[in-house]
Amino acid sequence: MPGKLRIGVLASGRGSNLQAIIDAQEAGMLRADLAVVISNKQDAQALERARQHDIPDVFLDPKPFAGQPNGRQAYDEQVLAVLRKHEVGVVALAGYMRIVTPVLLGAYRYQMMNIHPSLLPAFPGLDAQKQALEWGVNVAGCTVHFVTESVDEGPIILQAAVPVQEDDTPETLAARILVEEHRIYPRALQLYVDGRLRIEGRRVRIIR
Ligand code: GRF
């Protein structure tokens, strides 16, 4: 019997989505192995969460690459080497605050997901919840999508909507969206593990 699919998580901060993935895995809702957590921030809480669950954690310092020609690609070569070493089959970006280069995109084409706190294609980029409030939308939400060259534009896998309330601040809205992020990210990964995601153009079809 082939081994379980191995997930690598890239995270820069708090790591609550990582925690949701870990919890789903430990509860048997996500039938894959967590192979490694990599961060570009030494003090990322995500790394601490990994350690607490005996998942290998790796800090890769971007500083030596800053300002170098092709520094971002060279950094991603290092990330790729770690992913390969841990035999990662699918990569989950979870609050990863770097733009991934073709080095990683080529190696993990349609094998790399991201979660974004808006109903894409609305409000890509930073501060999505603030953008949603500024636009006065009534419905906000989150999106899990495959990662492609264009930031926050890859084929959409799952989305969840949440209502916007009259007195919402970016923080209260973010908290309501986060609950849904934690629900759909492990589900999207399990769909991938089950081989149920088919890319058709820019669409993802979920096979029953
Ligand atoms: C989440 O809102 C996610 O959608 C966005 O960055 C945030 C990461 O939060 N990409 P956490 O580190 O998973 O808690």
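Because the structure is a prediction, the values reported are computed rather than measured. Whatever order the structure lists them in is the order used to number ligands and atoms, beginning at 1.
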Tabulation required: pairs of a nitrogen or oxygen in ligand 1 and a protein nitrogen or oxygen under 3.5 Å; columns are atom names and distance to 0.1 Å; otherwise 'none'.
| from | atom 1 | to | atom 2 | distance (Å) |
| --- | --- | --- | --- | --- |
| ligand 1 | 2 (O) | E181 | OE1 | 3.3 |
| ligand 1 | 2 (O) | E181 | OE2 | 3.1 |
| ligand 1 | 4 (O) | I115 | O | 3.4 |
| ligand 1 | 4 (O) | E181 | OE1 | 2.7 |
| ligand 1 | 4 (O) | E181 | OE2 | 3.3 |
| ligand 1 | 9 (O) | R14 | NH2 | 3.1 |
| ligand 1 | 10 (N) | I115 | O | 2.9 |
| ligand 1 | 12 (O) | G15 | N | 2.8 |
| ligand 1 | 13 (O) | S16 | N | 3.3 |
| ligand 1 | 13 (O) | N17 | N | 2.8 |
| ligand 1 | 13 (O) | N17 | ND2 | 3.0 |
| ligand 1 | 14 (O) | R14 | NE | 2.6 |
| ligand 1 | 14 (O) | R14 | NH2 | 3.1 |
| ligand 1 | 14 (O) | S16 | N | 2.8 |
| ligand 1 | 14 (O) | S16 | OG | 2.5 |

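- The side-chain tip of R72 does not point at the ring of F65 from less than 6.0 angstrom away and within 45° of straight on.
- With respect to D57, the side-chain hydrogen bond (donor to acceptor under 3.5 Å, both in side chains) criterion is satisfied by exactly one of R51, Q52, R49: R51.
- Every pair passing salt bridge (charged side-chain N to carboxylate O under 4.0 Å, His left out) that includes a residue from residues 143-171 is listed here, sequence neighbours excluded: R109-E149, D168-R176.
- Checked against side chain to side chain donor-acceptor pair (under 3.5 Å), R205 has the following partners two or more places apart in sequence or in another chain: E200.
- T101 and Q73 share no donor-acceptor pair across their side chains, judged by distance under 3.5 Å alone.
- Cluster partners of F123, by chain and number: L133, W135, V137, V162, V164, L173, I177. The rule joins Ile, Leu, Val, Met, Phe, Trp and Tyr whenever side-chain heavy atoms lie under 4.5 Å apart.
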